[in-house]
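Each remark here refers to the structure printed beneath this line.
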Amino acid sequence: MLNLIQSQKQTLKISPAQIQLLNFLQLNTLELEQHIKNELEDNPILEEGPEDSIEEFDASDEGVLITKAEDRTQDYMDWDEFRDDDTPDYRTRINNFSDDDNEYTPMMAEITTWRDELKEQFHLLALNERQRLLSDFVVDSLTDSGYLNYSAGAIADDVSFTSGMFVEEEEVQEIIQLLRKMDPPGLGAHDLQDCLLLQLERLQGPEVAISTKLIKNNFEDFAARNYEKLMKSNNITSDQLKSIVALIGTLNPQPVIGSQTDSLVIKDNIVPDYIITVDGDLIDVELNNRRIPPLKINKSYAKEVGGTRAANTYVNSKLNAANWLIEAIQQRENTMLKSMRTIVKLQEDYFKTGNVRLLKPMVLRDVAERINMDVSTISRVTSGKYAQTPFGVIHLKDLFTEGVLTQSGEEVSNRQIQLVLAELVSKEDKQHPFNDFQLAEMLAERGYPVARRTVAKYREQMDIQAASLRRVL
């Protein structure tokens with residue numbers, strides 16, 4: 001077994017440094033920005049700013065830090081002359097910057113989550129300290145959608161174990177009943193059926209009673225949109241069922257998501273890694289390096305710290321790490337540009353027009369073979385990366401599609417078939433939607449011979465529901 005592992009390592013011939021560089025290629029712009037910030041905090045040899053020269057440093061074993069070229073940019077500076085100068089400072093200042101160059105610190109906004117607001121609702125009630133502790137625990141037990149998946153007994157056991165006090169199941173059940181009466185409606189529900197019933201309890205109208213009966217007794221038929229059975233079992237007409245469906249459609253299946261008490265979630269905006277511009281027949285590709293600061297070696301720190309053997313060893317280790325990072329960033333940029341330019345060349349018609357139908361079948365190997373790189377490298381360069389184009393931000397992984405042979409023998413992208421499938425579904429009669437067999441036959445009539453399973457796979461990829469769930473009255 002050991003010999004097999006050693007033989008595999010010799011076959012791969014990938015050094016730890018190469019593996020580290022491959023992982024470095026996988027970083028997107030935001031991740032690279034954070035990585036550089038961490039390195040700047042950890043490595044005093046590294047600092048922001050353009051490199052003044054290509055001088056390299058080395059710490060000798062004799063304890064003297066020497067440089068291969070001396071920095072003679074400042075041979076003399078009489079600081080006393082400037083210190084004793086009687087000229088006011090404002091006369092020597094020159095404003096060479098516009099108002100747009102001013103940097104402002106963004107205002108800090110206090111974020112209140114829906115859990116905090118829900119706890120505040122409990123604290124406004126006449127509860128003792130023990131009940132407030134239980135209410136906080138119950139609120140923290142809710143899912144991100146506001147559901148309560150734990151029983152009162154399970155919560156009582158958890159509180160007893162974590163807080164060291166014995167809690168009865170009835171105490172927790174009392175808090176849960178208070179929770180189910182709070183806003184937004186549906187909080188503390190066990191499942192979707194319970195959530196809808198909690199919201200219907202607060203409504204009034206002629207359809208509320210029959211809607212509550214229908215959800216309570218025929219929920220599975222309603223979810224499957226078996227309208228004929230619903231009308232027969234509840235003795236209602238088609239118009240009544242339409243009103244009931246419209247009423248239930250106004251309810252929120254997730255009491256927290258989409259409500260006014262939804263948490264203010266600050267999501268990272270998608271920062272494109274590439275910027276693609278089109279000018280006539282010319283397509284230009286550049287990296288989005290606005291967030292990536294230039295890096296250089298802190299020469300003054302290297303000179304000051306050098307002296308002892310231990311200091312030189314420390315400086316050399318930090319220096320090697322800094323040089324590796326600078327070289328890795330340059331190699332990352334070169335690899336990404338080379339890969340993206342090849343992708344643009346392969347998909348030139350798409351980038352000129354933005355028409356998805358003009359996407360050609362393309363896999364990672366097509367790009368790797370043209371630039372003599374490994375498929376894993378192309379995968380890392382494109383994984384989690386985005387490109388800013390004249391027609392919007394696109395995910396690079398969406399450009400890689402499989403090819404399907406049409407009846408005429410032409411190879412087209414499966415994305416083109418998906419667009420035709422979406423067009424067929426959008427034009428169907430919603431009272432009698434097409435099933436997967438019918439969609440496969442219609443695609444074959446248009447020259448795209450695909451199996452029913454392929455239709456189902458494409459439909460799921462585009463978040464198109466099955467025929468039974470697309471049906472309306």
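Reckoned from all heavy atoms, side chains included, excluding hydrogens, waters and symmetry mates. This is a predicted model, so every value here is computed, not measured.
- Residue-environment remark: CD (E129) stays at or below the threshold of 12 foreign heavy atoms within 6.0 Å.
- Salt bridge D284/R341: absent, no basic N to carboxylate O contact under 4.0 Å.
- From L148, atom CG reaches atom OG1 of T143 across 8.5 Å, with rounding to the nearest 0.5 Å.
- When all heavy atoms of E171 and E168 are compared, the pair lying nearest together is OE2-N, 2.9 Å.
- A salt bridge links D42 with K318; the closest basic N to acidic carboxylate O contact falls under 4.0 Å.
- Here the side chains of F122 and Q131 are not in contact, with every heavy-atom distance at 4.5 Å or above.
- Using a 4.0 Å cut-off between charged nitrogen and carboxylate oxygen, K232 and E228 do not count as a salt-bridge pair.
- A 4.5 Å side-chain heavy-atom check between N226 and N218 finds every atom pair outside the cut-off.
- Crowding of K338 atom NZ: a count of heavy atoms from other residues, nucleotides or ligands under 6.0 Å not exceeding 12.
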| Run the side-chain contact (heavy atoms from CB on, under 4.5 Å) check on I276 and E286 step by step: do they pass? | CA-CA 7 Å; I276 300 175; E286 62 178 340; over 6 Å; no
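- Listed for the E327 side chain is no donor-acceptor partner under 3.5 Å among the backbone atoms of W324.
- Atom-to-atom distance recorded for L419:CG and L424:CG is 11.0 Å, nearest 0.5 angstrom.
- Closest heavy-atom contact between A189 and R180: CA-NH1, 4.0 Å.
- For N128, the CG atom is densely surrounded, since the number of other residues' heavy atoms within 6.0 Å is greater than 12.
- No side-chain donor-acceptor contact under 3.5 Å links Q330 and N334.
- Note that the CD1 atom of I45 and the CD atom of E39 stand 13.0 Å from one another [nearest 0.5 Å].
- Taking 4.5 Å as the limit, every side-chain heavy atom of V245 sits out of range of all side-chain heavy atoms of R225.
- Here the CD1-CD1 distance, from I343 to I378, works out to 7.0 Å after rounding to the nearest 0.5 Å.
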| task | Would you sort out whether K119 and D140 count as a salt bridge (charged side-chain N to carboxylate O under 4.0 Å, His left out), showing the intermediate values? | result | CA-CA 9 Å; K119 291 177 182 179; D140 291 333; 3.1 Å; yes
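- A donor-acceptor contact shorter than 3.5 Å links the side chain of T250 to the backbone of L247.
- Checking side-chain atoms of D136 against main-chain N and O of L133 turns up no donor-acceptor pair under 3.5 Å.
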| Should D429 and H432 be marked as a side-chain contact (heavy atoms from CB on, under 4.5 Å) after you check the CA-CA gap, both sets of side-chain angles, and the distance that decides it? | CA-CA 5 Å; D429 182 6; H432 302 89; 3.4 Å; yes
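- Residue L134 is tested with L127, V139, V159, I176 for a side-chain contact (heavy atoms from CB on, under 4.5 Å); the sole match is V159.
- When atom types are taken as modelled, the side chain of R202 and the backbone of K181 share a donor-acceptor pair closer than 3.5 angstrom.
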| said: Is there a side-chain contact (heavy atoms from CB on, under 4.5 Å) between N149 and L142? Walk through the geometry before answering. | reply: CA-CA 7 Å; N149 296 332; L142 296 174; over 6 Å; no
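- The heavy-atom pair separating T29 from P272 by the smallest distance is OG1-O, 3.9 Å.
- Checking side-chain atoms of K385 against main-chain N and O of Q26 turns up a donor-acceptor pair under 3.5 Å.
- The backbone N or O of I236 sits nowhere less than 3.5 Å from a side-chain atom of N234 that would complete a donor-acceptor pair.
- The two residues M340 and A387 come nearest to each other via the heavy atoms CE-CB, 4.5 Å.
- Of all heavy-atom pairs spanning M336 and D273, the tightest one is CE-CB, 4.2 Å.
- When the shell of 6.0 Å around CZ of R365 is examined, it contains 12 or fewer heavy atoms from other residues, nucleotides or ligands.
- Side-chain atoms of V420 and I417, non-hydrogen and from C-beta on, never get closer than 4.5 Å to each other.
- Counting heavy atoms from C-beta on, the side chains of S339 and I371 come closer than 4.5 Å.
- Q177 places no side-chain N or O within 3.5 Å of a backbone atom of E174 that could act as its donor or acceptor partner.
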| field | Worked check of side-chain contact (heavy atoms from CB on, under 4.5 Å) between Y147 and D194 | value | CA-CA 10 Å; Y147 286 91; D194 188 24; over 6 Å; no
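- The backbone N or O of E207 lies less than 3.5 Å from a partner atom in the side chain of S211, making a donor-acceptor pair.
- Ring-centre distance between F391 and Y350: below the 6.0 Å cut-off.
- Using a cut-off of 4.0 Å between Lys/Arg side-chain N and Asp/Glu carboxylate O, R115 and D144 are scored as salt-bridged.
- Counting heavy atoms of neighbouring residues, nucleotides and ligands inside a 6.0 Å radius, atom OH of Y150 does not exceed 12 of them.
- The pair E348-K352 meets the salt-bridge criterion, since a charged nitrogen lies less than 4.0 angstrom from a carboxylate oxygen.
- L325 places a side-chain heavy atom less than 4.5 Å from the side chain of H35.
- Counting heavy atoms from C-beta on, the side chains of S145 and V256 never come closer than 4.5 Å.
- Here the side chain of R332 pairs a donor or acceptor atom with the backbone of L27 at under 3.5 angstrom.
- Considering only heavy atoms from C-beta on, L295 comes within 4.5 Å of L40 through its side chain.
- Without hydrogens or angle criteria, Q199 side chain to N252 main chain gives a donor-acceptor distance under 3.5 Å.
- How far CG of L198 is from CG of L251: 11.0 Å, rounded to the nearest 0.5 Å.
- In this structure, K229 pairs ionically with D221, as a charged nitrogen and a carboxylate oxygen lie closer than 4.0 Å.
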| request: Assess whether salt bridge (charged side-chain N to carboxylate O under 4.0 Å, His left out) is satisfied between E423 and K427, documenting all intermediate values. | output: CA-CA 6 Å; E423 181 182 354; K427 295 180 178 180; 3.2 Å; yes
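- In this model, no donor atom of one side chain and acceptor atom of the other lie less than 3.5 Å apart for T237 and D239.
- Counting heavy atoms of neighbouring residues, nucleotides and ligands inside a 6.0 Å radius, atom CG of D279 does not exceed 12 of them.
- Enclosure of atom NZ in K397 by more than 12 non-hydrogen atoms of other residues, nucleotides or ligands within 6.0 angstrom is indicated.
- The CG atom of D398 sits 9.0 Å away from atom CG of L359, with the distance rounded to the nearest 0.5 Å.
- A466 and R459 get closest at one heavy-atom pair: N-NH1, 3.3 Å.
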